[in-house]
Amino acid sequence: MSESDPIESVMIELLEKRGLDKSCCPSEVARLLSNEWRPLMSEVNVIARKLAKDGRIRITQKGQEVEPDSLKGPYRIRLLE
């Protein structure tokens, strides 16, 4: 996966538009890519975990940063400060 990956590109672009103090739900990324967004969620989750491991985004649950590999349940993503 690289910057040419459409999911990664949309995710980073959305987060940059929101700014450092805002987050988004991964489903927002999928919805920007397709009206049939649910099938994209597994790939969105994979890319979010990769970007978090690469130090490009943070994954949070209930406002607290979580490790990408221990992620379970709903989460939000945001740019690193």
Side-chain angles (χ1 to χ4, degrees):
M1 289 168 260
S2 67
E3 282 296 329
S4 63
D5 183 288
I7 295 173
E8 183 175 328
S9 297
V10 167
M11 186 178 294
I12 295 298
E13 184 177 326
L14 176 60
L15 292 171
E16 286 175 345
K17 284 181 182 176
R18 297 250 168 120
L20 294 175
D21 60 335
K22 303 282 185 189
S23 64
C24 77
C25 178
S27 67
E28 292 178 77
V29 175
R31 290 171 203 246
L32 287 171
L33 290 161
S34 175
N35 289 331
E36 297 294 323
W37 59 272
R38 284 182 177 87
L40 295 174
M41 285 305 299
S42 62
E43 188 64 19
V44 169
N45 292 332
V46 167
I47 291 173
R49 284 182 170 100
K50 178 197 174 294
L51 291 175
K53 288 178 186 178
D54 290 348
R56 297 186 58 204
I57 67 168
R58 288 189 320 164
I59 294 177
T60 62
Q61 289 182 307
K62 298 181 181 178
Q64 300 297 313
E65 188 169 357
V66 295
E67 290 296 320
D69 290 332
S70 65
L71 183 62
K72 291 184 184 190
Y75 67 95
R76 297 190 64 83
I77 55 177
R78 64 186 320 145
L79 287 176
L80 287 175
E81 297 176 10

request  = Would you mind telling me which of Leu20, Val10, Ile57 makes a side chain to side chain contact (heavy atoms under 4.5 Å, CB included) with Leu15?
outcome  = Ile57
task = List the steps and the verdict of salt bridge (Lys or Arg N to Asp or Glu O under 4.0 Å) for Glu28 and Arg18.
result = CA-CA 12 Å; Glu28 292 178 77; Arg18 297 250 168 120; 2.4 Å; yes
Could you state the interatomic distance from [atom1] ([X]) to [atom2] ([Y]), rounded to the nearest 0.5 Å?
X: Ile47; Y: Ser9; atom1: CD1; atom2: OG; result: 9.0 Å
X: Ile7; Y: Leu32; atom1: CD1; atom2: CG; result: 11.5 Å
X: Arg76; Y: Ser27; atom1: CZ; atom2: OG; result: 8.5 Å
X: Met11; Y: Leu33; atom1: CE; atom2: CG; result: 9.0 Å

ask   = Trp37: which other cluster members, linking ILVMFWY side chains closer than 4.5 Å, directly or transitively?
value = Met41
ask   = Is Glu8 paired with Arg56 through a side-chain N to carboxylate O contact shorter than 4.0 Å?
value =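 Yes.
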Student check: side-chain heavy atoms of Ile12 and Leu51 closer than 4.5 Å =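 Heavy-atom side-chain distance check passes, below 4.5 Å.
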Considering all heavy atoms, the nearest [X]-[Y] contact:
X: Ala30; Y: Leu40; value: O-CD1, 3.9 Å
X: Val44; Y: Tyr75; value: O-OH, 4.3 Å
X: Ile59; Y: Ala48; value: CD1-O, 3.8 Å

task = Could you note down all residue pairs passing side-chain hydrogen bond (donor to acceptor under 3.5 Å, both in side chains) where residues 58-73 supplies at least one of them, sequence neighbours left out?
result = Lys53-Asp69
query = Residues in side-chain hydrogen bond (donor to acceptor under 3.5 Å, both in side chains) with Asp54, at least two apart?
reply = Lys50
message = Can a side-chain donor-acceptor contact be found between Arg78 and Ser23 if the only test is distance below 3.5 angstrom?
response = no
